[in-house]
Participant: 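Structure provided below as structure tokens; questions to follow.
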Amino acid sequence: MHLADQRYDLFRQIVKAITWITCIGLASYFLSKAFGQSTHVDVSGVVTILGDLKFTMTLTLAGACAVWAIVERYLRKRVVKKLAPYKQAKEKTIDPNRTSSTVAPDGTTHRRDRRE
């Protein structure tokens, strides 16, 4: 996989993550507004602030997890690409008649074998 393809995949994953986070945020916002109109409960300001803080921390944690997953995937692919030639050389040393699989040198599946 070329660097341009990897960057496209990374960009695509980031867009998906941002889309999901935005959808969840908007849904929770609209639901809170809808339920806030019909519910008349006297709640202290401290409880309200703690609830808002809990929701904010949950969204922050979800965003951090998404970023971590994207970065971890990028780093893992980079390590596989770096170590693949050593593994292939070792396999050729052990079995010179070995045939190549359809896995790319960077460890990714061939495009025609992918499920999308």
Side-chain angles (χ1 to χ4, degrees):
M1 182 178 272
H2 296 289
L3 184 60
D5 291 335
Q6 290 177 348
R7 287 186 178 164
Y8 171 75
D9 287 341
L10 176 64
F11 177 74
R12 199 169 125 212
Q13 294 297 326
I14 290 171
V15 168
K16 281 183 186 179
I18 290 171
T19 302
W20 275 107
I21 291 169
T22 303
C23 286
I24 291 169
L26 286 174
S28 65
Y29 173 75
F30 288 125
L31 287 175
S32 69
K33 290 296 181 184
F35 289 122
Q37 296 298 324
S38 61
T39 306
H40 300 287
V41 177
D42 188 19
V43 180
S44 71
V46 175
V47 173
T48 305
I49 290 171
L50 288 177
D52 290 342
L53 182 63
K54 183 178 176 183
F55 178 73
T56 303
M57 289 180 68
T58 302
L59 282 181
T60 303
L61 182 61
C65 288
V67 169
W68 172 79
I70 291 167
V71 170
E72 189 275 335
R73 181 174 186 246
Y74 169 75
L75 292 174
R76 181 175 35 86
K77 282 185 159 195
R78 194 171 78 179
V79 167
V80 168
K81 189 174 188 176
K82 181 177 145 185
L83 296 178
Y86 299 115
K87 182 179 178 240
Q88 289 173 350
K90 189 71 122 176
E91 289 171 347
K92 285 290 185 182
T93 303
I94 294 171
D95 185 7
N97 297 325
R98 179 179 173 85
T99 59
S100 176
S101 65
T102 59
V103 177
D106 64 348
T108 58
T109 305
H110 194 275
R111 283 203 183 275
R112 68 172 180 246
D113 295 333
R114 286 189 190 165
R115 285 181 265 159
E116 292 191 43

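Residue numbers run from 1 in the order of the sequence given.
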Participant: Could you tell me whether the side chain of Leu59 reaches within less than 4.5 Å of the side chain of Phe55, counting heavy atoms only?
Facilitator: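 Side-chain contact under 4.5 Å: yes.
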
Participant: Are side-chain heavy atoms of Arg12 and Val15 found at a separation under 4.5 Å?
Facilitator: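 The answer is no; the side chains never approach within 4.5 Å.
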
Participant: For the NZ atom of Lys77 and the CG atom of Asp9, what is their distance to the nearest 0.5 Å?
Facilitator: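 Lys77 atom NZ to Asp9 atom CG measures 5.5 Å (nearest 0.5 Å).
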
Participant: Calculate, to the nearest 0.5 Å, the distance between atoms NZ and CD belonging to Lys16 and Gln13 respectively.
Facilitator: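 One finds 5.0 Å between NZ of Lys16 and CD of Gln13.
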
Participant: Once rounded to the nearest 0.5 Å, what's the spacing between atom SG of Cys65 and atom CG of Leu61?
Facilitator: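 One finds 4.5 Å between SG of Cys65 and CG of Leu61.
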
Participant: In terms of hydrophobic clusters joined by side-chain contacts under 4.5 Å, are Ile18 and Ile70 together?
Facilitator: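 They do share one cluster, since a chain of ILVMFWY contacts under 4.5 Å joins Ile18 to Ile70.
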
Participant: Is it the case that over 12 heavy atoms from other parts of the model lie below 6.0 angstrom from the CZ atom of Arg7?
Facilitator: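 Counting neighbours around CZ of Arg7, 12 or fewer heavy atoms of other residues, nucleotides or ligands fall under 6.0 Å, so no.
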
Participant: To the closest 0.5 Å, what do you measure between CD1 (Ile24) and OG1 (Thr19)?
Facilitator: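 If we round to the nearest 0.5 Å, Ile24:CD1 and Thr19:OG1 are 11.0 Å apart.
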
Participant: Determine the minimum heavy-atom distance between Ala89 and Thr93, stating which atoms define it.
Facilitator: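 Minimum heavy-atom separation between Ala89 and Thr93: O-OG1, 2.8 Å.
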
Participant: Would you kindly confirm whether Val67 and Leu75 end up in one hydrophobic cluster when ILVMFWY residues are joined by side chain heavy atoms under 4.5 Å apart?
Facilitator: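 In one cluster with Val67: Leu75, yes.
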
